[in-house]
Amino acid sequence: MDLLKWFMSAPRRASRGCVCVTFSCLCLAVLYLVCLETGLMLQDSVMRKAHQRHQIKPVAAPIMKILRNIQTTSGHNISVASASGSIHVLSNVTSSPDHHYPPESEKKTSKPSPSWWGGWFHGVTHFVHALASVMSGSQQEPVRVSYSHNAPKRSSHWAVWNEKMSSTQLNKRLQKVFLNYRAMNKYNVVQRDRGWGSNRAQLAGHELLCMLKERTNVETLQSHQGPLDVVDWAKYLPVQNLSEELGPLKNCAVVSSAGSIQRSSLGKEIDSHDAVLRFNGAPVLRYADDVGKKTTLRLINSQVMASENHKFLDNPLYTSGILVAWDPAPYYANLSEWFKKPDYPIFKRYKEYRQRHPNQPFYILHPQVQWRLWDIIQENTEERIQRNPPSSGFLGTFLMLSLCDLVHVYEYLPSRRQTDLCHYYEKFHDAACTLGAYHPLLFEKNLVKRMNQGSDLDIILHGKVTLHGFRTLNCSRASI
């Protein structure tokens, strides 16, 4: 009888055993995640405290082991070496606030994940080593991290834009797209006497800023100019120029629309600036924790103005702040030629919007501004770039440099959150948003990295570039 009872209760015992095994597995999975995330947070704590003292604090040896473990857990080919100086990483990923993409989307691939036991073990290793480094304060040389060019093109916690990026580092698809756009010449661009790559010695960041200051200025259309010198247009264009409208500005923020700004918690920092510039149809509602709420200026391209999807005339998004619109004109076109045949119907949309919103300041950027900037990009690049105008991101950065004493540009160069997600407010992935296709985005970012007066750590943690505005520059000795 006892034997019969034992057999009858066997299914119940087996069920209890399965529950116990399942519960144990869940506990191990949770422990792995907690250890992994806690380890990375402790790493960040070490780096943040070091940055507050304006230098990279010597990091304990276990941190190097943590970085080596990242190779195993994330699938990246990472080389780690101890060297004096700041962190340097050869990276090829960021995102663009602009609107021209190649037709084919970039498809991402991933490597098989490690076994659950290996993953749990490495998670514990992350935690133990990070905790040891924080508690011990061991004195070692700073960690220098670099990616090999054969590494998988995926995001990393340790990536900073390499200012010597070239088209040869693009994948095969983007190289083909780049060459196609470079061969086109829709805007009849003519190389000036200075040629391309004439500044091969590579001007320092301060000299590049001075070149921008001396050779370009923010010029918007006025009612007395060319085809606009008629009574009909005089009542629509602003009387004051942009600097008079805004007044003196000390510190300003340029907020990229890049997908990497998601989960950044930068909203409060961005809103603390005197003025904030945003791009095109980038929203703030539902994203304020990451991108902030304040909108002082919004730079929009003519394609957005003409697109039915953006509902430019009716969308309340555009009624906040000052609007600045731009449209590509041919390289040598005068205003009359451009007025008759713009790239997109910017003048028609401008007038319609002003009739609905007569009290909102609305400016149109003179088309020669973008081509002066293009000349500077080409002259400081050792290969031929696309003969298309710069991106909205570069135009917006230049605009704020002209108006502000100090400019912070967020996620134009990528943080450790870097991704192929084009915009933080829509689900579209493409590496072209990162590296450029239509626009010479790759080469713009090389120059911005050279001009950056902040630290690499600011870029890694926050995607933040720091630039001194033109009013604060002393260019008496700068070579321009």
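Quick note: numbers below take in every heavy atom, side chains included, and nothing from hydrogens, waters or symmetry partners.
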Pairing donors with acceptors under 3.5 angstrom, does anything connect the side chains of [X] and [Y]?
X: Gln418; Y: Ser260; result: no
X: Asn301; Y: Asn280; result: yes
X: Glu269; Y: Tyr410; result: yes
X: Trp161; Y: Asn452; result: no
X: Glu444; Y: Tyr412; result: yes
X: Ser264; Y: Glu411; result: no

Let me confirm one number: the [atom1]-[atom2] distance from [X] to [Y], rounded to the nearest 0.5 Å.
X: Leu399; Y: Ser392; atom1: CG; atom2: OG; value: 11.0 Å
X: Thr466; Y: Met451; atom1: OG1; atom2: CE; value: 12.5 Å
X: Arg417; Y: Ile261; atom1: CZ; atom2: CD1; value: 7.5 Å
X: Ser320; Y: Arg298; atom1: OG; atom2: CZ; value: 7.0 Å

Inspect the contact between [Y] and [X] and indicate whether a charged nitrogen and a carboxylate oxygen are less than 4.0 angstrom apart.
X: Lys449; Y: Asp456; answer: yes
X: Asp290; Y: Lys268; answer: no
X: Glu163; Y: Lys445; answer: no
X: Asp343; Y: Lys186; answer: yes
X: Glu308; Y: Arg349; answer: yes
X: Asp405; Y: Arg471; answer: yes

- Task: Assess the pair His310 and Phe312: is the distance between their ring centroids shorter than 6.0 Å?
- Result: no

Report the relative orientation of the aromatic rings in [X] and [Y]; use parallel for angles under 30°, tilted for 30 to 60°, perpendicular for over 60°.
X: Phe443; Y: Phe178; result: tilted
X: Tyr438; Y: Tyr187; result: perpendicular
X: His423; Y: Tyr425; result: parallel

- Task: Flag the pair Pro238 / Tyr363 as yes when at least one side-chain heavy-atom distance between them is below 4.5 Å, and no otherwise.
- Result: yes

- Item | Leu170 vs Leu435 side-chain heavy atoms within contact, under 4.5 Å | yes

- Query: For the residue pair Leu317 and Pro283, what are the closest heavy atoms and their distance?
  - Reply: CD1-CA, 3.8 Å

- Message: How close do Phe470 and Ser402 get, counting heavy atoms only, and between which atoms?
- Response: CE1-OG, 3.4 Å

- Option among Ile346, Val369, Leu299 that satisfies the side-chain contact (heavy atoms from CB on, under 4.5 Å) test with Trp326: Leu299

